[in-house]
There are 2 protein chains.
Amino acid sequence: MAKKPTVYDVAEQAGVSIATVSRALRKPESVRQATRESIETAVQQLGYVPSGSARSLAARKTGIIGLFLPNVDELETLSDFELTDHDTAEIHVDRPVTGRIHRDSLYFDHVLRGCELEAWSQGLSLMVSIGQGRGESDVNQMVHDMIGKVDGVIILARSVPDRLIESLVKRIPLVMVADAPIGGEKSMDLVRVSNRKGMCTLVEHLVDAHQIRSFIYMAGPDDSPDNHKRYVGFQEGLAARGISPESIPIYRGKFSRPTAKKITQDLIERGDLPQALVCANDQMALGALDALTQAGLRVPDDVIVTGFDGIEESDTSHPRLTTVRQPMVNLGRAAVSTVVKRIEHPDDPPYSTEMPVSVLLRESCEGVLEAIPAA
Amino acid sequence: MAKKPTVYDVAEQAGVSIATVSRALRKPESVRQATRESIETAVQQLGYVPSGSARSLAARKTGIIGLFLPNVDELETLSDFELTDHDTAEIHVDRPVTGRIHRDSLYFDHVLRGCELEAWSQGLSLMVSIGQGRGESDVNQMVHDMIGKVDGVIILARSVPDRLIESLVKRIPLVMVADAPIGGEKSMDLVRVSNRKGMCTLVEHLVDAHQIRSFIYMAGPDDSPDNHKRYVGFQEGLAARGISPESIPIYRGKFSRPTAKKITQDLIERGDLPQALVCANDQMALGALDALTQAGLRVPDDVIVTGFDGIEESDTSHPRLTTVRQPMVNLGRAAVSTVVKRIEHPDDPPYSTEMPVSVLLRESCEGVLEAIPAA
DNA sequence: TTGTATGCGTTATCAA
DNA sequence: TTGATAACGCATACAA
């Protein structure tokens, strides 16, 4: 690896001063055409690439945005590996595992892509760290490491301990995605989705289009703000249609497919099925589908099932799941666009953004879509 | 946002020189206990975080590894978005779409996590860019932007144009994941998976355990090296069991679920089904499953179906898919670990690593696993 | 063990 | 339009 050329090398080769080289690169129009061209050739010949460190140091900004993603549990059990060159394959029977959760991975991936996309379109780079799931002192270390290298950070809910976030907000432009630490909702930049409105719209549709009056609500964990807001939306939707929310039974499916399946099976056995089973996320809706299908019941003919999130599997299940899709890519884009604003205007009051969601009506409530003429 | 403190501030507050502060931070043991402590308090009080730029500049290394991911097509059509604060939800009928491809997203996500994991354990940061899918000159720009900021780069196959890669190899430590540009296999660092051995092992199992003699092979695109190696493995497995590979019909499913479904339907109509349908990836195997299930055929009783990749859906389909799982997380870890080696030893001959795969025997070839006693 | 002084590769401010 | 030169914030060789 040859020693890297610097501005000095380029300047010498082009017969100008380093200041001119720097200018030619940053604001080409401030340099005479001829000069510019001779510099460009020198750059080409030498394969010169400006040092990001030097540039950042001098310009007092790095052009990098940091992104903190939550860990996914499957990664905690790290198998060892070695670098070998022999071609091998192990073989074994792989039994079904219950309780594995796939949702997060997809979700974060899309947010990441949204961030990268927007960062790129703004001429910025993206630095990624995966926080929670390691010890708190490790996360602490990672965070400090990162904020030394970036102009601002984006933090996904629950990827970094709350107390750390609060101390960060004072030091560096920071935006929270999906949720703020408890109590911090008014004091920092936020980008979220319309959980409430999404669920509300969905419920209104069920009442209006399908004359549903009897519901069961399958809730997520009590400590999840998403879960809470979705339930509030559920209540609102009912109330708007004159149905008393208090009359609707709630079951706690903990956002988990197997749990929801079990609950649904109980429901079936007891003959307690409602007209519609509204679930706080897709995983649970899929679990409900599993149970109903196994019991020989038809969805939506016998029972309507709906989810929330819009994970990929909601689009490949049988029947496909009516759900509320979160605009995950745009969530990422909005996050970047928000930090950028914060970087430029450190003293603005907190920005708070709600991204609109899409209620996707599919076969699990509509029946055979082919029968419905396209819009 | 208060002006950020520097070493000078810390030094003054602690009553020492900046050199001592620097030492206390880098190699604490080279500083007397008392001094160290007074520096630590100063750091705490001021909320000092070292500047990454300055540190990189002085140390001549950034501690950052760059990662290039391929784009996924869905992101090309960018819907506009705006930052608003009103709670909204649109609602519409969502018809089934054919041909959507989900594989990549998951795959890259896992590789990314592997990279991050390993980078972190080595005290490095990760910078991510999404290459291909934008214009070549854009990618070119992104790449140069990145290599100015990192110590080495990891490039996933097909995320960056070949010619660019070749010019990069000379300038900066670079590792290719999953594949090298054509012709470059011997001249750069590589991390791959055992496509060949995986398929070979799978086929041997089918012959040995299930007495399969009649196969059909569902191939991917001709220009995919992965596809090629899997087919070679397929041939090897057959040959090892005395079956002539030439006698096996090949259909080109282009790695696509709908295509494979169509082909399988044709096969069913013509009554040409084999004992086992071996597919070069999971998507195609799922397509085959779709067709077979619709036709009322039973898998594996009537036909055995196998995939390759180990995508999540292979684990949730009915029946679950026997497949070959690529160690995606470890692929990422190996990639990072390889660039690091290259950074430390710029003049070593090219490193080439094959990661072992796992053949996962599931219901699509084994039948009901519950019936088989656990190991 | 600690301090002094220099260099790292840019950008930016002045002059020219 | 261009050139000298002083920051930028830290690491490190050398001295003390």
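Keep in mind that what you see is a predicted model, and the values were worked out from it rather than measured. The sequence lines fix the lettering, A, B, ..., with proteins before strands; numbering per chain opens at 1.
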>> Can a donor-acceptor pair be found, under 3.5 Å and without considering hydrogens, that links the side chain of A/Asp189 to the backbone of A/Pro350?
In response: no

Length of the [atom1]-[atom2] vector between [X] and [N], whole Å:
| X | N | atom1 | atom2 | answer |
| --- | --- | --- | --- | --- |
| A/Glu29 | D/dT1 | CD | P | 10 Å |
| A/Lys61 | D/dG9 | NZ | C1' | 18 Å |
| B/Leu46 | D/dC10 | CG | P | 12 Å |
| B/Ile39 | C/dG3 | CD1 | P | 8 Å |
| A/Leu57 | D/dC8 | CG | P | 9 Å |
| B/Ile18 | C/dG7 | CD1 | P | 15 Å |
| B/Arg23 | D/dT12 | CZ | C1' | 8 Å |
| A/Asp151 | D/dC8 | CG | C1' | 14 Å |

Measuring to OP1 and OP2 of [N], would you say a side-chain N or O of [X] lies under 4.0 angstrom away?
| X | N | result |
| --- | --- | --- |
| A/Thr6 | C/dC8 | no |
| B/Ser22 | D/dA11 | yes |
| B/Ser53 | D/dC8 | no |
| A/Arg60 | C/dT11 | no |
| A/Ser17 | D/dA4 | no |
| B/Tyr48 | D/dC10 | yes |
| B/Thr20 | C/dT2 | no |

> Which part of the nucleic acid, if any, lies within contact of B/Ser56, taking any heavy atom under 4.0 Å across all strands shown: a base, the sugar-phosphate backbone alone, or nothing?
Replying inline: nothing

> Of the nucleotides C/dT2, C/dG9, D/dC10, which one has an atom closest to the side chain of A/Ser51?
Replying inline: C/dG9

> Between C/dC8, D/dC8, D/dA4, which nucleotide has the shortest distance from any of its atoms to the side chain of A/Ala58?
Replying inline: D/dC8

> Between A/Leu25 and B/Val31, which is nearer to the 5' end of DNA chain C once each is assigned its nearest nucleotide?
Replying inline: B/Val31

Looking at [Y] and [X], is any side-chain nitrogen of the basic one under 4.0 Å from a carboxylate oxygen of the acidic one?
| X | Y | answer |
| --- | --- | --- |
| B/Glu185 | B/Arg192 | yes |
| A/Glu136 | A/Arg163 | yes |
| B/Asp151 | B/Lys61 | no |

> Got more than 12 heavy atoms from elsewhere within 6.0 Å of CD, A/Glu166?
Replying inline: yes

